[in-house]
Amino acid sequence: MTSTDSSGAGTGAQKPAAKDPWDLPDISGLVVGVLGGTGDQGRGLAYRLARAGQKVIIGSRAAERARSAADELGHGVEGADNAECARRSDIVIVAVPWDGHAKTLEALREELRGKLVVDCVNPLGFDKKGAYALKPEEGSAAEQAAALLPDSRVTAAFHHLSAVLLQDETVEEIDTDVMVLGETRADTDLVQALAARIPGMRGVFAGRLRNAHQVESLVANLISANRRYKAHAGLRLTDV
Ligand SMILES: NC(=O)c1ccc[n+]([C@@H]2O[C@H](COP(=O)([O-])OP(=O)(O)OC[C@H]3O[C@@H](n4cnc5c(N)ncnc54)[C@H](OP(=O)(O)O)[C@@H]3O)[C@@H](O)[C@H]2O)c1
C-alpha cells in the first residue's frame, strides 16, 4: 500500500488534506432571527438576507412594531417579539444597542439555548471628539453574550457594516468582508456562510471571542473615516 491511499493506512501514511476554508455549509434552509430587528442595523441585515432568499424573522420588544417593520421590508420577513423570534430561529443575530445588550440576552437565555447566536454589537461612546470604544467588563460585547448564554453557541460578526448601504434598495452588492469570530470552526463556518449569502459580502474567520474587543472597537475608527470622507466605509482583508 502506498502513501497515496486515502485511508492513510500502511507505511508512509499522509495527514488528511487540510479542509478547504471556503468549503462552507449550505445554510439556505435555516431560519435567521434578528433581535432588535426594527433598528437600522437589524432592518438592513434582515432585508439583505431575505432578499437573498433566507427565511428571516425580526424581533422587537413589541411584537406589533416588529410586524409593521417586517411588512415594510417585504421578501417574506416576519415580525415577532424578541422571545418568539429567538424561539423560532436557528441562527439569532443580536442587533440591539449596547445599553440593552445584557438585559436582552439575560431575559432570553432559555429561548436561545442551543442556538447559534451572532453578536454584532459595538460598545461605543460618543463625545465632542467623536466615537470611542468602551471597555466592557467581560472584554467585549461578544464575551458578555457568551458569559450570559452558557448554553448557546455564541459567535460575533457583522460589526463593520453600514446600515445605510444595507437598507438602500438601489445598492446591488455590499462590497465588504465580515470578520467572524467564535469558539468552534463548525459555528464560524455557518456564520461565514451566512455572510456569503449577501452578494458582494464575504465572511472571513478572524479568531476566538477573546479577540472580539478590537473588532468591535474598530467601528470607532470607521465612524471617524465616515465623518471625514462623507462615506460608508467597509473593510477588505487582502491576500486572503
Ligand atoms: N447602525 C449601524 O450601522 C451598525 C453597524 C454595525 C453594528 N451595529 C450594532 O448593531 C446594534 C444595533 O444598532 P442600530 O443602529 O440598529 O441601533 P438602534 O436602531 O438604536 O436599536 C436597534 C433596536 O433595538 C431595540 N432597542 C433599543 N433600545 C433597547 C434596549 N435598551 N433594550 C433592548 N432593545 C432595545 C429597538 O427595537 P424595539 O424598540 O423595537 O425593541 C431598536 O429598534 C448596535 O449594538 C450597534 O453597535 C450597528
Side-chain angles (χ1 to χ4, degrees), residues 32-49 56-73 77-86 92-109 111-112 117-126 131-136 140-145 148 154-168 171 174 176-181 191 194-195 198 201 203 206 212-227 231-235:
V32 178
V34 187
L35 305 177
T38 56
D40 284 338
Q41 167 79 342
R43 272 177 196 253
L45 279 171
Y47 170 67
R48 288 289 156 184
L49 290 168
V56 179
I57 303 173
I58 57 171
S60 164
R61 290 168 296 180
E64 196 38 55
R65 225 170 14 245
R67 280 194 281 269
S68 85
D71 288 346
E72 283 167 30
L73 290 171
V77 176
E78 284 185 61
D81 62 38
N82 281 330
E84 186 184 336
C85 165
V92 181
I93 298 173
V94 184
V96 298
W98 168 239
D99 276 355
H101 184 255
K103 206 169 147 211
T104 302
L105 297 183
E106 264 165 8
L108 297 175
R109 191 173 289 172
E111 289 81 357
L112 292 171
V117 173
V118 189
D119 204 295
C120 71
V121 171
N122 302 309
L124 294 179
F126 293 87
Y132 60 96
L134 301 175
K135 295 190 176 107
S140 60
E143 287 166 289
Q144 182 184 79
L148 293 171
V154 175
T155 62
F158 301 120
H159 306 88
H160 305 137
L161 305 180
S162 157
V164 174
L165 295 183
L166 290 176
Q167 293 181 86
D168 184 341
V171 173
I174 304 294
T176 198
D177 282 343
V178 167
M179 296 172 86
V180 178
L181 299 96
V191 180
L194 185 65
I198 299 174
M201 202 179 276
H213 174 63
Q214 53 271 31
V215 172
E216 295 170 4
S217 302
L218 192 59
V219 175
N221 305 82
L222 291 179
I223 290 171
S224 304
N226 287 341
R227 288 186 175 173
H232 304 293
L235 283 183

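In each ligand, atom 1 is the first atom listed, and ligand 1 is the first ligand listed. For the single chain, residues carry numbers from 1 onward in sequence order.
For the pair Val178 and His160, the minimum side-chain heavy-atom distance is 4.5 Å or more. Between Arg109 and Leu148 there is a side-chain heavy-atom pair separated by less than 4.5 Å. Looking only at side-chain heavy atoms (C-beta outward), Leu161 and Met201 come within less than 4.5 Å of each other. Considering only heavy atoms from C-beta on, Val34 stays 4.5 Å or farther from Leu49 through its side chain.
Not a single N or O atom of Phe158, backbone or side chain, sits closer than 3.5 Å to an N or O atom of ligand 1. Below 3.5 Å of separation, one finds an N or O of Arg65 facing an N or O of ligand 1. Considering backbone and side-chain atoms alike, Gly36 places every N or O at 3.5 Å or more from each N or O of ligand 1. Taking distance alone, with nitrogen or oxygen atoms compared against 3.5 Å, Ser162 stays at or beyond that limit from ligand 1. Considering backbone and side-chain atoms together, His160 places no N or O closer than 3.5 Å to any N or O of ligand 1. Ligand 1 has a nitrogen or oxygen under 3.5 angstrom from a nitrogen or oxygen of Gly39. Between Ser60 and ligand 1, an N or O atom pair is found at a separation short of 3.5 Å. Considering backbone and side-chain N/O of Asn82, none are found under 3.5 Å from N/O of ligand 1.
To the nearest 0.5 Å, atom CG of residue Leu165 and atom OG1 of residue Thr176 are 9.0 Å apart. Note that CZ of Arg227 and CG of Leu222 are 12.5 Å apart. Values are rounded to the nearest 0.5 Å. Here Asn82 contributes atom CG and Ile57 contributes atom CD1; the two are 11.5 Å apart, rounded to the nearest 0.5 Å.
Closest to atom 47 (O) of ligand 1 among all protein heavy atoms lies Asn122 N, 3.0 Å. Ranking the protein heavy atoms by distance from atom 32 (N) of ligand 1 puts Gly100 CA, 3.5 Å first. Remark: minimum distance from atom 9 (C) of ligand 1 to any protein heavy atom is reached at Cys120 O, 3.3 Å. Residue, atom and distance of the protein heavy atom nearest to atom 13 (O) of ligand 1 are Gln41 CB, 3.8 Å. The protein atom (non-hydrogen) at minimum distance from atom 26 (N) of ligand 1 is Arg61 NH2, 3.4 Å. For atom 45 (O) of ligand 1, the closest non-hydrogen atom of the protein is Val96 O, 2.7 Å.
With ligand atoms numbered from 1 in the order given, ligand 1 contributes 32 (N), 33 (C) to contacts under 4.0 Å with heavy atoms of Thr104. Proximity to Ala163 (heavy-atom distance under 4.0 Å) selects the following atoms of ligand 1: 1 (N), 2 (C), 3 (O). Of all atoms in ligand 1, numbered sequentially from 1 with element shown, those under 4.0 Å from a heavy atom of Thr38 are 36 (C), 37 (O), 38 (P), 40 (O), 42 (C), 43 (O). Ligand 1 places these atoms under 4.0 Å from at least one heavy atom of Leu161: 3 (O), 5 (C), 6 (C).
Closest heavy-atom approach to atom 12 (C) of ligand 1 within the set Ala95, Ala102, Gly44: this belongs to Ala95.
None of Gln144, His101, His159 except one satisfies the side-chain hydrogen bond (donor to acceptor under 3.5 Å, both in side chains) rule with Asp119; the exception is His101.
Residues satisfying the salt bridge (charged side-chain N to carboxylate O under 4.0 Å, His left out) test with Asp81, not counting sequence neighbours, are none. Ser140 meets the side chain to side chain donor-acceptor pair (under 3.5 Å) test with Glu143; sequence neighbours excluded.
Arg43 places no side-chain N or O within 3.5 Å of a backbone atom of Gly37 that could act as its donor or acceptor partner. The backbone N or O of Leu134 lies less than 3.5 Å from no partner atom in the side chain of Ser217, so there is not a single donor-acceptor pair.
Between Glu106 and Lys103, no side-chain nitrogen of the basic residue sits less than 4.0 Å from a carboxylate oxygen of the acidic one, so the salt-bridge criterion is not met.
Assignment of Pro97 to the shell around ligand 1 is supported, since a heavy atom sits closer than 4.0 Å.
In His159, the part holding a heavy atom less than 4.0 Å from any atom of ligand 1 is the backbone.
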